[in-house]
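Take a look at the structure below.
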Amino acid sequence: MPPERAARCVEVAAEVRRSVAGYVVGNLLTSAIAGSVVLTTLLAVGVPFAPVWGLWVGLVDFLPIVGGALA
């Protein structure tokens, strides 16, 4: 592969890596916020096993597309 083309491939790979990392971090943050909100709400209402439900929502929300509906 010519050096010019190799350099361009490295640039594209770096951009893809940054984009994927940003998506994953954003998804994790959104899941953590959803789990925290559910945990806080369930604790305020007095639901038994609120931490388990909060963790469940956080984990299931991490799944793409279907996770929010299941939570």
Would you be so kind as to tabulate the donor-acceptor pairs closer than 3.5 Å made by side chains of residues 24-45, with sequence neighbours excluded?
residue	atom	partner	partner atom	Å
N27	ND2	F62	O	3.4
T30	OG1	G26	O	2.9
S31	OG	N27	O	3.0
S31	OG	D61	OD2	3.3
S31	OG	F62	N	3.2
S36	OG	A32	O	2.8
T40	OG1	S36	O	2.8
T41	OG1	V37	O	2.8

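Qualifying side chain to side chain contact (heavy atoms under 4.5 Å, CB included) partners for V16, counting only residues two or more places apart in sequence or in other chains: V12, V20. In this structure A13 satisfies the side chain to side chain contact (heavy atoms under 4.5 Å, CB included) test with no other residue, sequence neighbours excluded.
Minimum interatomic distance between M1 and C9 (heavy atoms only, all atoms of both residues): SD-SG, 4.1 Å.
For residues 4-16, the salt bridge (charged side-chain N to carboxylate O under 4.0 Å, His left out) pairs, not counting sequence neighbours, are R8-E11. A side chain to side chain donor-acceptor pair (under 3.5 Å) check over residues 17-26, counting only residues at least two apart or in different chains, returns nothing.
L59 forms part of a hydrophobic cluster together with L55, judged by ILVMFWY side-chain heavy-atom separations under 4.5 Å.
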